[in-house]
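Below you'll find the structure, written out as structure tokens, and then a few comments.
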Amino acid sequence: MEFDLQMVLVILASAVATYVTRIGGYVLITTMKRIPPRMEAALNAVPAAVLTTIVAPAFFDGGWDAKLALVVALIVGLKVSHTWMLVAAWLIVMAWRRTIGF
Amino acid sequence: MSRADFAEGLRGGFAVAVAAAPFGALFGALAVDNGMSLGELTLMSATVYAGASQMVGIELFGHNVQAWLIVASILAVNFRHVLYSAAIARYVREFTPLQKFFTFFLLVDPQFAAMAKRGEEGKPVTFIWYLGFGIIIYVPWVLISLLGGLLGSFIGDPKALGLDILLPAYFLGIVLGFRNRDNFLPVALVSAVASAIAYHYVGSPWHVSLGAAAGIILAALMPLPAVHKPEPENEPHEV
């Protein structure tokens, strides 16, 4: 187990930065007594808005293997469970890469 | 009751831990590949504990980027957590300060999604449930990233194993879990397009913050439901 001082400092600073984001919203919102309806609507949109941004580049910038896999995963996800989405996406990608290539 | 809550949390978190395991191993392997030691990568998993930003971090370490820029990039990737902690305020306010400390430390994407969903279903969001859900993800994440670092040289190209598709497919599943909310479709579409554009013209990790901002602003500007439905989430919350 080796530790480089500068690397450790960067890691700890990153940890503090992450923790600040994880508590920041709570600190901000507890200083307000009541959440206005429009802010409520904005907060309700948070999960879909944020998590979509993690998926979108994989679809738009990914190859046709990734595009097809994500479309199939979407259809599977609308019908059955999330676990099957992972299985479907993985099977499509592997089948594509074994037959058509990367 | 609380023991049952803890067990329920463990069960819920277990599925997430299994889905996250390949990424933990992948992180460890890539971290070694980018010049981190086993101790350093384990420290990072244990203290930062945020998959996507850990990946961004090691990519920058490998490119000799200045320290402040690495921290700023991690802050940008994790900025969404500000919104999470604001959104869960309604469930957390009864927790003790120590419980709050751990609640926010463990607040990763699936943890937030599970908490929001449980709250909306009207089930009790207790700290002991949250801890069970969180601990079963956290401990394996740290151990498996160390394992990934140890085995790093044996893992070949992650694309050959099809591992690269699992992360977006996994997040797609979480997104779909919110499809019954007001304005889901316009918000998801606008965020998707905005993040893709930002990814191209501004670059990663800013596409996360910029794409999310587009969807959230749209939701704030869209007409509010004219009649308040009886569900509790549509009532103003005292916090």
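In what follows, every chain begins at residue 1, and chains take the letters A, B, ... in the order their sequences are listed.
- Between A:R22 and B:A50, the closest heavy-atom pair is NH2-CB, 3.3 Å.
- Here A:I54 contributes atom CD1 and B:S191 contributes atom OG; the two are 11.0 Å apart, rounded to the nearest 0.5 Å.
- In terms of heavy-atom pairs under 4.5 Å with chain B, the best-connected choice from A:G25, A:A89, A:G62 is A:G25.
- With a 4.5 Å cut-off on non-hydrogen atoms, B:F178 touches chain A through its side chain but not through its backbone.
- When the shell of 6.0 Å around CZ of B:F95 is examined, it contains more than 12 heavy atoms from other residues, nucleotides or ligands.
- B:A188 touches chain A through backbone and side chain together, each having a heavy atom under 4.5 Å away.
- In terms of heavy-atom pairs under 4.5 angstrom with chain A, the leader among B:V190, B:V82, B:L221, B:V193 is B:V82.
- The two atoms that bring A:I29 and B:A89 nearest to each other are CG2-CB, 3.4 Å, heavy atoms only.
- Heavy atoms of B:L172 lying under 4.5 Å from chain A belong to its backbone as well as its side chain.
- To the nearest 0.5 Å, atom CG of residue B:L176 and atom OG1 of residue A:T52 are 9.0 Å apart.
- With chain A as partner, the option from B:T103, B:L189, B:T47, B:V18 having the largest number of non-hydrogen pairs under 4.5 angstrom is B:T47.
- Most heavy-atom pairs under 4.5 Å with chain B: of the set A:S14, A:G24, A:A73, A:A41, this distinction falls to A:S14.
- Neither the backbone nor the side chain of A:I92 comes within contact range of chain B; no heavy atoms are under 4.5 Å apart.
- Ranked by heavy-atom pairs shorter than 4.5 Å toward chain A, the options B:M36, B:Q54, B:R181 are led by B:R181.
- A pairwise comparison of heavy atoms in B:V71 and A:A13 identifies CG2-CB, 3.8 Å as the closest pair.
- With rounding to the nearest 0.5 angstrom, the CE atom of A:M7 is 8.0 Å from the CD1 atom of B:I70.
- Here the two rings, on B:F104 and A:Y26, have centers that are under 6.0 Å apart.
- Sorted by first and then second residue, the pairs that involve residues 76-86 of chain B and meet side chain to side chain donor-acceptor pair (under 3.5 Å), not counting sequence neighbours, are A:T18-B:N78, B:S53-B:N78, B:R80-B:D109, B:Y84-B:D109.
- Most heavy-atom pairs under 4.5 Å with chain B: of the set A:A88, A:P57, A:A58, this distinction falls to A:P57.
- When all heavy atoms of A:A17 and B:L75 are compared, the pair lying nearest together is O-CD1, 3.5 Å.
- For the set B:V187, B:V175, B:L107, the count of heavy-atom pairs under 4.5 angstrom toward chain A peaks at B:L107.
- Most heavy-atom pairs under 4.5 Å with chain B: of the set A:L91, A:V20, A:V76, A:V50, this distinction falls to A:V50.
- When heavy atoms are compared at a cutoff of 4.5 Å, B:A113 does not approach chain A at all.
- In terms of heavy-atom proximity, B:A192 sits nearest to A:F60 at O-CE1, 3.8 Å.
- Heavy atoms of A:A69 lying under 4.5 Å from chain B belong exclusively to its side chain.
- Here the closest heavy-atom approach between residue A:A45 and residue B:G215 is recorded as CB-O, 4.5 Å.
- Of the two parts of B:I88, neither the backbone nor the side chain holds a non-hydrogen atom closer than 4.5 Å to a non-hydrogen atom of chain A.
- For B:F23, the CZ atom is densely surrounded, since the number of other residues' heavy atoms within 6.0 Å is greater than 12.
- Here A:Y19 and B:F101 bring their ring centres to under 6.0 angstrom of each other.
- Note that the CD1 atom of A:I11 and the CD atom of B:E40 stand 5.5 Å from one another [nearest 0.5 Å].
- Taking A:L74, A:L28, A:V8 one by one and counting their heavy-atom pairs under 4.5 Å with chain B, the maximum is reached by A:L74.
- The distance from the CG atom of B:L43 to the CG atom of A:L12 is 5.5 Å, given to the nearest 0.5 Å.
- Take B:K117 and apply the salt bridge (Lys or Arg N to Asp or Glu O under 4.0 Å) test, not counting sequence neighbours, and it matches B:E121.
- Residue A:D4 touches chain B through both its backbone and its side chain, counting heavy-atom pairs closer than 4.5 Å.
- Separation of atoms CG (A:N44) and CG (B:N183) is listed at 9.5 Å; rounding is to 0.5 Å.
- When heavy atoms are compared at a cutoff of 4.5 Å, A:V93 approaches chain B solely by way of its side chain, counted from C-beta outward.
- Counting only distance, with no hydrogens or angles, the side chain of A:R38 and the backbone of B:M222 share a donor-acceptor pair below 3.5 Å.
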task = Please assess B:R179 against A:L78 for the test side chain to side chain contact (heavy atoms under 4.5 Å, CB included), listing each intermediate value before the final yes or no.
result = CA-CA 10 Å; B:R179 67 180 181 272; A:L78 289 171; 3.7 Å; yes
